[in-house]
Amino acid sequence: MQPTANPNAYKILVVDDDPDIVELLEYNLRKEGYEVASAPDGRKALEVAPLFGPDIILLDVMMPNLDGIAACRQLREQPKFKDTYIIFLTARAEEFSEVAAFDAGADDFIAKPIKPRALLSRLAAFVRRDKDPQQVSDTIEINGLKIDRTGFAVYQEGRKISLPKKEFELLAFLAASPHKVFGRDELLQNIWGNDVFVLARTVDVHIRKVREKVGDHHIQTIKGVGYKFNTDN
């Protein structure tokens, strides 16, 4: 089905091998004013995405030809989709599936059966944040890092470090209160929100990925409690 032609609409690519789910999502998304395209599997999604240029990708995990995890990894390898908002849709709620999804570069995770109203609420919250950068309009300079919360950029000794949005938000949140220890549940609530179905292990995955990019010493693990930003050199 061809996308609609509203130039101001956010573009959403729906990737799922179940035509009933695709039809349900396309109908509800278009009704809300989004521009929508679809693909039946990960391989086709890799063909459609560069042509369509989605702002948001709704990506099923279990699909033929190329599953969602592999497709997400390949999309993230392309600079054009480094910051694209990717939400996984899956009936599999096992922890390994969720951890694999976030490890591949997912921003969010929604379990099936999908409730259109909840999904639309999640998307609307993303659009509000994306359109209103004033809520994160300052810069943090701490322990050799410069965190530009307006431009979603991190610099270390003048070198720019690229982080996906959720990793950036987690680092910036911890750095904004460097002397406070945050538990996993508190981090989940502040970074992912109350209505997002994610496991505490998700925080650990994102912490590990942030450490890989900015260095192990910036985020300290407080055993049995949670994490804090380390201000010691």
Side-chain angles (χ1 to χ4, degrees), residues 55-57 69 72-88 98-109 125-194 196 198-233:
D55 303 293
I56 301 168
I57 299 175
I69 303 294
C72 183
R73 286 201 179 97
Q74 292 188 41
L75 286 166
R76 289 300 193 208
E77 289 172 357
Q78 302 180 44
K80 184 175 182 179
F81 301 113
K82 181 177 65 70
D83 295 321
T84 300
Y85 200 66
I86 298 179
I87 302 176
F88 271 100
E98 181 176 330
V99 171
F102 283 117
D103 199 41
D107 293 294
D108 207 341
F109 187 99
F126 163 73
V127 171
R128 284 195 301 271
R129 290 195 304 269
D130 194 50
K131 286 184 173 179
D132 184 19
Q134 295 305 312
Q135 62 178 331
V136 287
S137 60
D138 56 330
T139 299
I140 300 172
E141 294 194 40
I142 185 170
N143 199 12
L145 289 179
K146 179 181 178 181
I147 303 172
D148 176 5
R149 298 200 294 182
T150 301
F152 279 85
V154 179
Y155 300 89
Q156 190 168 47
E157 297 178 355
R159 179 176 63 90
K160 186 175 181 178
I161 301 172
S162 295
L163 298 177
K165 285 185 179 178
K166 279 291 182 282
E167 293 175 27
F168 176 87
E169 289 171 1
L170 182 58
L171 176 64
F173 181 80
L174 290 170
S177 303
H179 302 292
K180 183 176 179 180
V181 179
F182 293 94
R184 289 177 178 83
D185 289 342
E186 192 172 1
L187 291 171
L188 283 173
Q189 181 178 344
N190 281 279
I191 305 302
W192 282 271
N194 291 322
V196 181
V198 291
L199 302 172
R201 171 71 175 139
T202 298
V203 174
D204 300 334
V205 172
H206 280 70
I207 291 289
R208 174 175 60 79
K209 292 173 78 69
V210 171
R211 282 171 167 163
E212 288 173 356
K213 294 166 185 173
V214 303
D216 291 340
H217 62 287
H218 289 295
I219 299 177
Q220 181 180 355
T221 301
I222 308 300
K223 191 173 182 180
V225 182
Y227 298 100
K228 69 183 290 285
F229 193 91
N230 185 15
T231 57
D232 298 326
N233 291 319

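For the pair G105 and R76, the tightest heavy-atom approach, listed with the atom from each and the gap, is O-NH2, 2.8 Å. Smallest separation of non-hydrogen atoms from V214 and Q156: O-NE2, 3.2 Å. In plain terms, the two heavy atoms of V203 and L187 that are nearest each other are CG1-CD1, 3.7 Å. Taking all atoms of both residues into account, the shortest heavy-atom contact from C72 to A106 is SG-N, 4.0 Å. Here the closest non-hydrogen pair linking R149 and A176 is NH1-CB, 3.9 Å.
In terms of modelled atom types and a separation under 3.5 Å, the side chain of N230 and the main chain of Q220 share no donor-acceptor contact.
Applying the ring-ring contact (aromatic ring centres under 6.0 Å, His included) test to F81 and every residue at least two apart in sequence or in another chain returns nothing. With sequence neighbours excluded, no residue forms a ring-ring contact (aromatic ring centres under 6.0 Å, His included) with Y227. Under the rule for a side-chain contact (heavy atoms from CB on, under 4.5 Å), the partners of A175 that lie at least two apart in sequence or sit in another chain are I140, I142, I147, F229.
Using a 4.5 Å cut-off on side-chain heavy atoms (C-beta onward), D204 and R184 make contact. Taking the side chain as every heavy atom from C-beta outward, R201 and V205 approach each other to under 4.5 Å. In this structure, the side chains of L174 and H218 stay at 4.5 Å or more apart for every pair of heavy atoms. Under the 4.5 Å side-chain criterion, counting only non-hydrogen atoms from C-beta, L171 is in contact with V154.
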query = How far apart are the C-alpha atoms of I191 and F173, what are their side-chain angles, what is the distance that settles it, and do they pass the side-chain contact (heavy atoms from CB on, under 4.5 Å) test?
reply = CA-CA 8 Å; I191 305 302; F173 181 80; 3.7 Å; yes

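Screening residues 209-227 for salt bridge (Lys or Arg N to Asp or Glu O under 4.0 Å) gives D103-K209, E167-K213, R208-E212 as the qualifying pairs, with residues at least two apart or on separate chains. Here salt bridge (Lys or Arg N to Asp or Glu O under 4.0 Å) pairs that include residues 170-181, with residues two or more places apart or in two chains, are K180-E186. Contacts classified as salt bridge (Lys or Arg N to Asp or Glu O under 4.0 Å) and involving residues 151-165 (residues at least two apart or in different chains) are given here: D130-K165.
Within 6.0 Å of NZ in K228 there are more than 12 heavy atoms belonging to other residues, nucleotides or ligands.
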